[in-house]
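Written below as structure tokens is the structure these notes are about.
Computed from a predicted model, the values in this text were never measured in an experiment.
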Amino acid sequence: MGSTTGRKIKTAPKLKDFVSWFEIPAINFEKAVAFYDYIYGIKMERVVGPTHSMAIFPSTGGVGGAVVQGLGSVPGQNGPLIYLNGGRDLETILSKVTEAGGRIVMPKTFINEESGYFAIFVDIEGNKLALHSR
């Protein structure tokens, strides 16, 4: 790895968001999709192909994402932590995690007045994710 010390940094264009898409891996696709449908009270659009399947979270112009199943989609608790939108009060969604077969790792926790709250959970496939609400 090289050092950036002493190098001139080119100014990048301003970005609205630094995340443009996320994928939550699954082995048991239908079970994983049912988990997220239940905790959010939604019906995800499914795109099922011969080698890969995807269920897309409904989005109205913000960051989008999907539950995916296929080669290379391996659930796990290591790696980046994705913070999903918890709405006005993340407890509404978090309270359904255990009922849906997931596990709460960190309950609703206050950050500060400006940032709000967060919680961490493990979904039914073994992925560690977080919820955030202001």
Side-chain angles (χ1 to χ4, degrees):
M1 292 285 219
S3 171
T4 58
T5 307
R7 292 186 190 174
K8 291 184 181 182
I9 299 174
K10 293 181 183 178
T11 304
K14 298 289 183 197
L15 299 175
K16 179 182 173 205
D17 298 303
F18 281 87
V19 175
S20 60
W21 180 260
F22 65 88
E23 294 183 350
I24 300 171
I27 294 172
N28 186 327
F29 180 72
E30 289 301 327
K31 192 173 181 181
V33 174
F35 175 87
Y36 288 100
D37 278 350
Y38 178 77
I39 68 170
Y40 273 101
I42 59 175
K43 182 71 174 167
M44 298 170 80
E45 177 187 348
R46 291 159 170 78
V47 179
V48 179
T51 59
H52 288 79
S53 297
M54 180 179 288
I56 302 164
F57 285 92
S59 175
T60 55
V63 173
V67 172
V68 296
Q69 182 269 328
L71 185 63
S73 295
V74 181
Q77 295 183 37
N78 299 322
L81 182 60
I82 299 170
Y83 281 73
L84 300 174
N85 189 341
R88 289 184 164 269
D89 181 1
L90 64 82
E91 190 63 41
T92 303
I93 296 166
L94 188 64
S95 68
K96 298 177 184 177
V97 167
T98 304
E99 292 174 16
R103 178 173 51 92
I104 297 170
V105 176
M106 180 177 285
K108 181 179 177 181
T109 303
F110 181 69
I111 304 166
N112 60 43
E113 289 296 329
E114 184 179 330
S115 300
Y117 298 84
F118 79 104
I120 300 174
F121 68 96
V122 176
D123 73 6
I124 200 159
E125 287 286 295
N127 295 298
K128 183 172 76 172
L129 297 115
L131 291 168
H132 177 257
S133 63
R134 295 207 188 273

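- The OH atom of Tyr117 sits 10.0 Å away from atom OG1 of Thr109, with the distance rounded to the nearest 0.5 Å.
- Of all heavy-atom pairs spanning Ser73 and Pro25, the tightest one is C-CB, 3.6 Å.
- Sorted by first and then second residue, the side chain to side chain donor-acceptor pair (under 3.5 Å) pairs involving residues 121-134 (not counting sequence neighbours) are Tyr36-Asp123, Asp123-Asn127.
- For residues 31-41, the salt bridge (charged side-chain N to carboxylate O under 4.0 Å, His left out) pairs, not counting sequence neighbours, are Asp37-Arg46.
- In this structure, Ile124 CD1 and Ile39 CD1 are separated by 10.5 Å, a value rounded to the nearest 0.5 Å.
- Leu129 has its side chain out of reach of Ile120: every pair of non-hydrogen atoms, C-beta onward, lies at least 4.5 Å apart.
- Atom-to-atom distance recorded for Ile56:CD1 and Glu23:CD is 10.0 Å, nearest 0.5 angstrom.
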Worksheet entry | Criterion side-chain contact (heavy atoms from CB on, under 4.5 Å) on Trp21 and Val63, from CA distance to verdict | CA-CA 6 Å; Trp21 180 260; Val63 173; 5.9 Å; no
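- Considering every non-hydrogen atom in both Thr92 and Ser95, the closest pair reads O-OG, 3.0 Å.
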Fill in: Derivation of the side-chain contact (heavy atoms from CB on, under 4.5 Å) call for Ile24 and Val68
CA-CA 6 Å; Ile24 300 171; Val68 296; over 6 Å; no
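- When all heavy atoms of Leu81 and Ala130 are compared, the pair lying nearest together is CD1-N, 4.0 Å.
- The nearest pair of heavy atoms linking Leu94 to Lys108 is CD2-N, 3.8 Å.
- Closest heavy-atom contact between His52 and Gly70: CD2-CA, 3.7 Å.
- Taking the six-membered ring for Trp and the full ring otherwise, Phe22 and Phe57 have centroids separated by under 6.0 Å.
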Item to complete: Given side-chain contact (heavy atoms from CB on, under 4.5 Å), test Met44 with Val67 step by step and report yes or no.
Response: CA-CA 9 Å; Met44 298 170 80; Val67 172; 4.0 Å; yes
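- In this structure, Leu90 and Leu131 approach most closely via the heavy-atom pair CD2-O, 3.7 Å.
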Item to complete: Apply the test side-chain contact (heavy atoms from CB on, under 4.5 Å) to residues Phe121 and Val105: give CA-CA distance (whole Å), side-chain angles for both, the deciding distance (0.1 Å), then the verdict.
Response: CA-CA 5 Å; Phe121 68 96; Val105 176; 5.6 Å; no
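- Note that the CD1 atom of Ile93 and the CG atom of Asn85 stand 7.0 Å from one another [nearest 0.5 Å].
- A side-chain N or O of Ser115 and one of Asn112 form a donor-acceptor pair less than 3.5 Å apart.
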